[in-house]
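What follows is a set of notes on a single structure, which appears directly below.
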Amino acid sequence: MNNKRIYIPLSRKFYLRNTLEVSKDLLGKLLIRKSGNKILAGKIVETEAYIGEHDPACHAYKKFTNRSKTLYETGGTIYVYFVYGKYHCFNIVTEEKGKGCAVLIRAIEPLMGLKSMKINRGKIKTIFDLTNGPSKLCLCLGIDLSYNGGDIAGKELFITESMEKNNFQIYVSKRIGLNSGKDFPYRFFIKNNPYVSKHIFNKEAKLIN
DNA sequence: TATTCGATGTGCT
DNA sequence: GCACATCGAATAC
């Protein structure tokens, strides 16, 4: 891949749509992180939808708190939060301001800047362990709370169309790691992609295209 | 102020 | 497959 290529971020409009649609459409897109003249990038292979105040697993279910306030911003806002005392999760707000909806990026397939990613991440068993989890990819790309509330159509961290043709099949399953709202089929991932995070629920996943 | 919990990851079995 | 580290945020009181 050519580092000199100019990447055009998807506009905010892309995110001002139904959360499930955005979750599906993000698969196959490129997540780009620029730092100085370095480019770290990966293809999005797994996402989850969190759909506002009526979704028991969504942070907006418990109303407005200091942590969840950026979730109520307009679609295209970056929502990063801190969990389990040591990890970060990276989301993109969807739909109109005030809805409290977002897509969690759960896994990417690393494509550029693998060397830096490995340094950021620390020891791994195989290359497949590098970015196959929401907090793993945050570590690799250096995504932390300083990005919370930022614009996903910005310069440093953004998503762009893939240059490859996207001919893959999409599976949908239950979401990972929840205690409530666990039965909603809001997790999307690319069939047979080895960088998908967990294999739990994959057996019962359904093909949707 | 006290207590519980968590959209995870790691390591061991 | 399963236990558990870890600590900030949310909730209970």
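All values below come from the heavy atoms of this structure, side chains included, with hydrogens, waters and symmetry mates left out. Just so you know, these numbers come straight off a predicted model, no measurement behind them. Letters A, B, ... mirror the listed sequences (proteins, then strands); counts begin at 1.
- One atom, OH of Tyr61(A), and another, P of dG6(B), lie 13 Å apart when rounded to the nearest Å.
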Pair Tyr195(A)-Phe128(A), ring pair (Phe, Tyr, Trp, His ring centres under 6.0 Å): steps then yes or no
CA-CA 6 Å; Tyr195(A) 296 91; Phe128(A) 302 112; 5.1 Å; yes

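- Closest contact between the side chain of Lys136(A) and the listed nucleotides dT11(C), dA7(B), dT10(B) involves dT10(B).
- If you measure from atom CZ of Arg187(A) to atom P of dT8(B), you get 11 Å, rounded to the nearest angstrom.
- Between Arg67(A) atom CZ and dA10(C) atom P there is a gap of 5 Å when expressed in whole angstrom units.
- Atom CZ of Phe201(A) has more than 12 heavy atoms from other residues, nucleotides or ligands within 6.0 Å.
- Heavy-atom minimum distance, Lys118(A) versus Ile127(A): CE-CD1, 3.9 Å.
- Taking atom CZ of Phe128(A) as the reference point, atom P of dT10(B) lies 17 Å away to the nearest angstrom.
- The closest donor-acceptor contact from the side chain of Glu46(A) to the backbone of Ser197(A) lies under 3.5 Å.
- Whole-Å rounding puts the Tyr79(A) OH to dA9(C) P distance at 11 Å.
- Secondary structure note: stems in DNA chain B built from 3 or more consecutive Watson-Crick or G-U wobble pairs under 3.5 Å occupy B:1-6 with C:7-12, B:8-12 with C:1-5.
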Between the protein and nucleotides 11-13 of chain B, which nitrogen or oxygen pairs are less than 3.5 angstrom apart?
from	atom 1	to	atom 2	distance (Å)
dG11(B)	OP1	Lys123(A)	NZ	3.1

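- Just one of Asn120(A), Ile108(A), Ile105(A) meets the side chain to side chain contact (heavy atoms under 4.5 Å, CB included) condition when paired with Leu141(A); it is Ile108(A).
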Evaluate side-chain contact (heavy atoms from CB on, under 4.5 Å) for Tyr15(A) paired with Ile159(A), printing each intermediate quantity in order.
CA-CA 11 Å; Tyr15(A) 307 96; Ile159(A) 291 170; 3.6 Å; yes

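- His59(A) and Tyr79(A) form a side-chain donor-acceptor contact under 3.5 Å, judged by distance and modelled atom types alone.
- What separates CG of Asp129(A) from C1' of dG9(B) is a distance of 10 Å, to the nearest Å.
- Listed in residue order, the members of residues 175-185 of chain A having a heavy atom less than 4.0 Å from DNA chain B are Ile176(A), Gly177(A), Leu178(A), Asn179(A).
- Counting heavy atoms from C-beta on, the side chains of Tyr81(A) and Thr70(A) never come closer than 4.5 Å.
- Under a 4.0 Å N-O distance rule, the pair Lys97(A)/Glu73(A) qualifies as a salt bridge.
- We find that CG of Leu145(A) is positioned 15 Å from P of dC7(C), with the value rounded to whole Å.
- Taking Ile, Leu, Val, Met, Phe, Trp and Tyr as hydrophobic and joining them when side-chain heavy atoms fall under 4.5 Å apart, one finds Leu104(A) in a cluster with Tyr50(A), Leu178(A).
- Under a 3.5 Å cut-off, the side chain of Arg12(A) and the backbone N or O of Gly75(A) do form a donor-acceptor pair.
- A donor-acceptor pair under 3.5 Å is formed between the side chain of Glu95(A) and the backbone N or O of Thr19(A).
- Taking 4.0 angstrom as the limit, Arg121(A) places a side-chain polar atom (N or O) nearer than this to OP1 or OP2 of dT10(B).
- For dA7(B), its base sits under 3.5 Å from the side chain of Tyr81(A) at one donor and acceptor pair at least.
- Put simply, the side chain of Ser135(A) does not reach to within 4.5 Å of the side chain of His88(A), judged on heavy atoms.
- The salt bridge (charged side-chain N to carboxylate O under 4.0 Å, His left out) pairs that include a residue from residues 50-69 of chain A are Asp55(A)-Arg175(A), where partners are two or more places apart or lie in different chains.
- Residues of residues 82-98 of chain A having a heavy atom closer than 4.0 Å to DNA chain C, listed by number: Phe82(A), Tyr84(A), Gly85(A), Lys86(A).
- The side chain of His59(A) has dA7(B) as its nearest neighbour among dG9(B), dA7(B), dA10(C).
- When rounded to the nearest whole Å, the span between CD1 of Ile51(A) and C1' of dA7(B) equals 14 Å.
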